[in-house]
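Chain identifiers are assigned alphabetically (A, B, ...) following the order of the sequence lines, protein sequences preceding nucleic acid strands; residue numbering begins at 1 within each chain. Everything quoted here is computed from the prediction, not taken from an experiment.
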2 protein chains.
Amino acid sequence: MGRPRDTRVDQAVLDAARALLAEVGYAGLTMDAVAARAGVGKAAIYRRHATKQALVFAAAVHGVELEPPPDTGSLLGDLEALARVIVAHLGNPAAAPALMGLLAEAGADTSLGHALCSALIEVEREGNAAVLERAVRRGELARLPDIDLFHAMFGGTVLSWMLVVRLPTDELPRRLAEFMDKALRASH
Amino acid sequence: MGRPRDTRVDQAVLDAARALLAEVGYAGLTMDAVAARAGVGKAAIYRRHATKQALVFAAAVHGVELEPPPDTGSLLGDLEALARVIVAHLGNPAAAPALMGLLAEAGADTSLGHALCSALIEVEREGNAAVLERAVRRGELARLPDIDLFHAMFGGTVLSWMLVVRLPTDELPRRLAEFMDKALRASH
DNA sequence: GACTTACGAGACTAAGAGTTCCGGAACTGT
DNA sequence: ACAGTTCCGGAACTCTTAGTCTCGTAAGTC
């Protein structure tokens, strides 16, 4: 009933939000700027996204689809592929500011934390588990390692490397994968 | 010349900021609330801290003095002590929101990033290096590992565990230390 | 054609960062 | 003692921004 939503507006809003996230970061992004860049009214944004948080979440987190890590045939190869996926995602100039901004605000707001969890963290955790289970099946690992710890280590290392310490990422996937490969094989 | 600053005001402002950070987080902290809680005028705050960022930095980051990790006699013990220091610091109800908030804003602002680096990251990195060098001297490690990677892994894991995935921290120092101990010994 | 919802545009409210001014207090130099 | 300076709490102020609301109009359904 009534006039249907214009899907070009949906897209223009998300595109504008991503562009502005990359240019001015989470705190610097204003709803007026998004509306102006998208060539739409602010009401059209708020009709789709209740808050700035929700807009940023939709633009930079939702449906990002960390593709499941491919089976490269070895644990080392799988780990490097896994690291490359995370590095590529965090290297996206819109995703990094969005993630940090949302994570900072999720401290107080529990529902946002839950949304982030189910959208990103759970997905990534499952990818990690798949890689490790494959290694067990291949016989590369004697038994399944501590998945919580592995998950925090793998994602946390990339996060810290890129967004806290801020080092170049060319060699990170290889170095991280080699280290974790040896570590996993050594921990019985 | 002129009336000297009242040091009780300095302290009251920082205490109020820490209390509010713990209660309402970085985004929820307002300068008016800090002034009211501290029983001072806003001008007294801005006379000491140019911006909200600077206030939070001074209240929750500056001079935190991650104490240098003690020599426990073994790499495993040193690693667990190191992890406990980081967990304790990030577990501080004022420090965690402050760090996330500042880190999120540091994306756009480079000077804040530099300040965070020299105040926290460099200090922690030196602590890490000290532990690893001690292990080499003891003969537990054949040679010095990749310190950049170790630094990002150790801090990043705790960060991710506590602030992203949000799991209980009782066993984290032991599990992380045991894993890293085996990993370091295994990586030649 | 009646009704409903979307649209861009812009006015509007509320809240918060940062500034400025007040009357008064504390300290320094003469 | 007194002038000059910097502090103090308090409050009024500017400016920016999130979010709401109201226009007049367009695009659909019954």
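Summarising the geometry, the separation between CD on Glu105(B) and P on dG16(C) is reported as 15 Å, rounded to the nearest angstrom. The distance from atom CD of Gln53(B) to atom P of dG16(C) is 18 Å, rounded to the nearest whole Å. Look at OH on Tyr46(A): it is 17 Å from P on dA9(C), rounded to the nearest Å.
The salt bridge (charged side-chain N to carboxylate O under 4.0 Å, His left out) pairs that include a residue from residues 147-170 of chain A are Arg125(A)-Asp148(A), where partners are two or more places apart or lie in different chains. Applying the salt bridge (charged side-chain N to carboxylate O under 4.0 Å, His left out) test to pairs two or more places apart or on separate chains, those with a residue in residues 68-79 of chain B are Asp71(B)-Arg134(B), Asp71(B)-Arg138(B), Asp78(B)-Arg134(B), Asp78(B)-Arg138(B). Within the structure, every pair that satisfies the salt bridge (charged side-chain N to carboxylate O under 4.0 Å, His left out) test and touches residues 83-96 of chain B, not counting sequence neighbours, is listed here: Glu80(B)-Arg84(B). Sorted by first then second residue, the side chain to side chain donor-acceptor pair (under 3.5 Å) pairs that include residues 94-104 of chain A, not counting sequence neighbours, number zero.
Under the rule for a side-chain hydrogen bond (donor to acceptor under 3.5 Å, both in side chains), the partners of Arg8(A) that lie at least two apart in sequence or sit in another chain are Asp6(A). Evaluation of the ring-ring contact (aromatic ring centres under 6.0 Å, His included) rule for Tyr26(A) yields no partner, not counting sequence neighbours.
Between Arg48(B) and Asp10(B) there is a salt bridge, since at least one side-chain N of the basic residue sits less than 4.0 Å from a carboxylate O of the acidic one.
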Tabulate below the donor-acceptor pairs under 3.5 Å that side-chain atoms of residues 35-47 of chain A make, not counting sequence neighbours, or state none.
residue, atom, partner, partner atom, Å
Arg37(A), NH1, Glu23(A), OE2, 3.3
Arg37(A), NH2, Glu23(A), OE1, 2.9
Arg37(A), NH2, Glu23(A), OE2, 3.1

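Residues from residues 11-22 of chain B that place a heavy atom under 4.0 Å from any atom of DNA chain C: there are none.
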Q: Could you run through nucleotides 1-17 of chain D and give me one letter per nucleotide, 5' to 3': B if any protein heavy atom sits under 4.0 Å from the base, S if only the sugar-phosphate is that close, - if neither?
A: ----BBBBS-------S
